[in-house]
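Below you'll find the structure, written out as structure tokens, and then a few comments.
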Amino acid sequence: MSPETSDIRKGLNGVVADVTAISKVNPETNSLLYRGYPVPQLAATQPIEAVAHLLWTGELPSPEQLTEATAHERSHRALAPEVKATIDALPVTCHPMDTVRTAVSLLGALDPAAEDSSPEVELEKAKRLFAQLPAVIAYEQRRRTAGGPTEPIPPREDLDYSQNFLWMTVGEEAAPAVVDAFRISMVLYAEHSFNASTFTARVITSTLSDLHSAVTGAIGALKGSLHGGANEAVMHTFDELGIRPEESEAEAKDRARAWMEDALAQKKKVMGFGHRVYKNGDSRVPTMKQAMDSLIEHYGRPEILGLYNGLELAMEEAKGIKPNLDYPAGPTYHLMGFDTELFTPLFIAARVTGWTAHVMEQRAANALIRPLAAYDGPDERPVPGA
Ligand SMILES: CC(=O)SCCNC(=O)CCNC(=O)[C@H](O)C(C)(C)COP(=O)(O)OP(=O)(O)OC[C@H]1O[C@@H](n2cnc3c(N)ncnc32)[C@H](O)[C@@H]1OP(=O)(O)O
Ligand SMILES: O=C([O-])CC(=O)C(=O)O
């Protein structure tokens with residue numbers, strides 16, 4: 001019997017596709033657990049290196065395991081010359097998501113264990129990729145700033161992941177408030193169950209393809225503005241509104257409210273709001289908003305808060321739709337000085353932990369992911385002349 005159109009769940013909305021032990025998204029309680037741990041508690045206390053270990057292995061690292069994990073991460077940070085040369089061959093105007101996608105694909109091709117997907121080798125590949133991505137992203141930011149090929153800033157082994165990421169991007173040690181906001185964003189972005197990019201990684205893995213192919217595909221899925229690309233799109237909204245540092249918080253808020261009312265009257269979709277699973281607010285937003293607030297205070301930029309609050313309020317009043325994680329993350333990365341086009345690559349740096357945990361989980365209990373389609377093309381007909 002052929003499948004009926006009435007069987008279709010467009011966008012797989014509401015479809016339970018498999019089990020996972022990696023994270024639990026609970027829209028009823030607005031909560032998120034990584035391997036059973038509440039994510040706000042992880043964000044308050046853990047470095048991303050420990051959260052990565054948790055996602056991959058199921059447990060937080062012991063002090064000895066954390067020392068080993070951080071030493072491993074620090075020893076794989078450098079930008080490989082082949083990767084730098086390939087990035088330099090790309091136009092400086094290309095989207096940084098394309099640059100990172102290309103770099104991950106190349107890292108896969110260079111990996112001597114590319115075709116070995118045994119559990120130990122796959123975990124090692126995941127760890128290496130997590131360690132390698134910051135140099136790629138930091139270098140892309142520097143290349144854009146320089147307007148072409150430049151010298152990367154070498155990593156520093158005395159700095160942790162977040163400190164070193166910011167160091168390689170700007171060549172200065174970031175203030176503790178900035179490092180902490182960055183660390184929190186990494187923890188919050190690390191994992192979110194069967195979102196579109198993770199599902200993409202699982203589909204690719206399900207064909208018995210390799211980890212780098214799965215991550216390369218996941219990056220493609222993350223790029224779109226209905227998914228990770230929304231953090232970039234949020235900043236475009238702020239830019240369209242115009243950021244005016246001379247403006248008071250109240251003035252900015254009023255202007256943002258009016259902008260949003262107008263946008264919604266024109267039936268526009270405003271990125272950074274809404275979510276497929278959470279309908280009463282994204283569990284991660286309060287933690288990310290707090291981190292954004294601390295940066296607004298650090299940099300003395302109350303007008304950004306005015307814009308943020310004005311847009312949020314008008315969306316709530318008009319449609320009752322709440323912000324998702326990309327909404328506070330966008331202005332946070334802007335305040336840190338990243339180019340807007342680098343925001344979604346930062347999401348990659350964090351989510352590579354979740355993606356690779358899912359690659360390993362999928363492989364351990366694999367079934368080819370291959371749904372059915374209800375056909376609605378022409379009825380069978382003869383080829384002319386056949
Ligand atoms: C980290 C992440 O990836 S979080 C998601 C990031 N993506 C975004 O911020 C993009 C903007 N948001 C959206 O497009 C959606 O809310 C999605 C794609 C995230 C979720 O979509 P779905 O669950 O498929 O809901 P859907 O898009 O059908 O929206 C339901 C209704 O709310 C409206 N709506 C949802 N989000 C928005 C929005 N951001 N702006 C305006 N209206 C919206 C839709 O227009 C639709 O209205 P209708 O019923 O009158 O047609
Ligand atoms: O879960 C989703 O659909 C999108 C999301 O919030 C994420 O990937 O972090």
Side-chain angles (χ1 to χ4, degrees), residues 8-17 20 22-27 30-34 39 43 51 55 97 184-202 215 218-238 240 256 259-289 308 311-333 343-355 357-358:
I8 294 171
R9 304 283 280 277
K10 193 85 176 154
L12 304 183
N13 200 343
V15 171
V16 181
T20 182
I22 301 168
S23 68
K24 179 177 180 182
V25 180
N26 190 336
N30 266 8
S31 66
L32 174 62
L33 307 175
Y34 293 167
V39 170
V51 171
L55 293 170
M97 286 296 281
I184 289 168
S185 76
M186 290 290 114
V187 173
L188 297 177
Y189 265 142
E191 158 61 11
H192 212 240
S193 192
F194 279 18
N195 59 83
S197 56
T198 300
F199 195 63
T200 302
R202 291 190 74 126
V215 172
I219 292 172
L222 190 73
K223 184 182 179 189
S225 62
L226 292 189
H227 190 15
N231 64 6
E232 171 182 339
V234 165
M235 213 56 226
H236 293 316
T237 297
F238 277 62
E240 199 180 316
W259 183 95
M260 181 64 99
E261 282 159 12
D262 186 49
L264 294 178
Q266 292 176 52
K267 305 252 177 280
K268 283 193 183 152
K269 189 166 249 193
V270 184
M271 304 311 181
F273 291 89
H275 198 276
R276 171 59 68 79
V277 181
Y278 299 115
K279 295 300 176 193
N280 293 309
D282 182 326
S283 66
R284 304 160 291 184
V285 166
T287 311
M288 195 64 231
K289 166 78 166 45
Y308 182 99
L311 293 172
E312 180 181 7
L313 192 71
M315 178 63 102
E316 174 69 37
E317 283 171 356
K319 298 191 69 112
I321 297 177
K322 301 191 189 315
N324 57 55
L325 174 57
D326 287 325
Y327 187 55
T332 302
Y333 291 148
F343 295 2
T344 318
L346 296 174
F347 192 158
I348 297 177
R351 186 56 61 89
V352 73
T353 59
W355 287 335
H358 280 272

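Worth knowing before you read on, the calculation uses all heavy atoms, side chains too, and leaves out hydrogens, waters and symmetry mates. Order of listing sets the numbers, starting from 1, for every ligand and every atom in it.
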How long is the span from the NE2 atom in H236 to the CE atom in M271, to the nearest 0.5 Å?
10.5 Å
Return the orientation label for the F347 and H227 ring planes: parallel under 30°, perpendicular over 60°, tilted otherwise.
perpendicular
Quick one: CH2 on W355 to CG on L222, what's the gap to the nearest 0.5 Å?
4.5 Å
If we ignore hydrogens and angles and just use 3.5 Å, is the side chain of K223 paired with the main-chain N or O of I219 as donor and acceptor?
no
Counting only pairs under 3.5 Å, give me each side-chain donor-acceptor contact of residues 185-193, with atom names and distances, residues two or more places apart or in other chains.
unit_1	atom_1	unit_2	atom_2	d
S185	OG	F182	O	2.7
S185	OG	Y333	OH	2.7
Y189	OH	N231	ND2	3.2
Y189	OH	D326	OD1	2.4
E191	OE1	H358	NE2	3.2
E191	OE2	S23	OG	2.6
E191	OE2	S193	N	2.9
E191	OE2	H358	NE2	2.8
H192	NE2	Y278	OH	2.8

Taking atom CE of M288 and atom CG of L325, what is their separation to the nearest 0.5 Å?
7.0 Å
Pairwise, report which nitrogen or oxygen atoms of ligand 1 are under 3.5 angstrom from protein nitrogen or oxygen atoms, and how far apart they are.
unit_1	atom_1	unit_2	atom_2	d
ligand 1	3 (O)	H227	ND1	2.8
ligand 1	7 (N)	L226	O	2.8
ligand 1	9 (O)	G272	N	2.7
ligand 1	9 (O)	N324	ND2	2.8
ligand 1	12 (N)	F273	O	2.8
ligand 1	14 (O)	K269	NZ	2.7
ligand 1	23 (O)	R276	NE	3.1
ligand 1	23 (O)	K279	NZ	3.1
ligand 1	24 (O)	R276	NE	3.4
ligand 1	24 (O)	R276	NH2	3.3
ligand 1	27 (O)	K269	NZ	3.2
ligand 1	39 (N)	V270	O	2.7
ligand 1	39 (N)	F273	O	2.8
ligand 1	40 (N)	V270	N	3.1

Side-chain donor-acceptor distances from residues 260-268 under 3.5 Å, at least two apart:
unit_1	atom_1	unit_2	atom_2	d
D262	OD2	Q266	NE2	3.0

To the nearest 0.5 Å, tell me how far W259 CH2 sits from E240 CD.
5.0 Å
Could you tell me whether F238 and Y308 have their ring centroids closer than 6.0 angstrom?
no
By chain and number, the residues contacting ligand 2 below 4.0 angstrom (heavy atoms only) are H192, N195, H227, H275, R284, R351
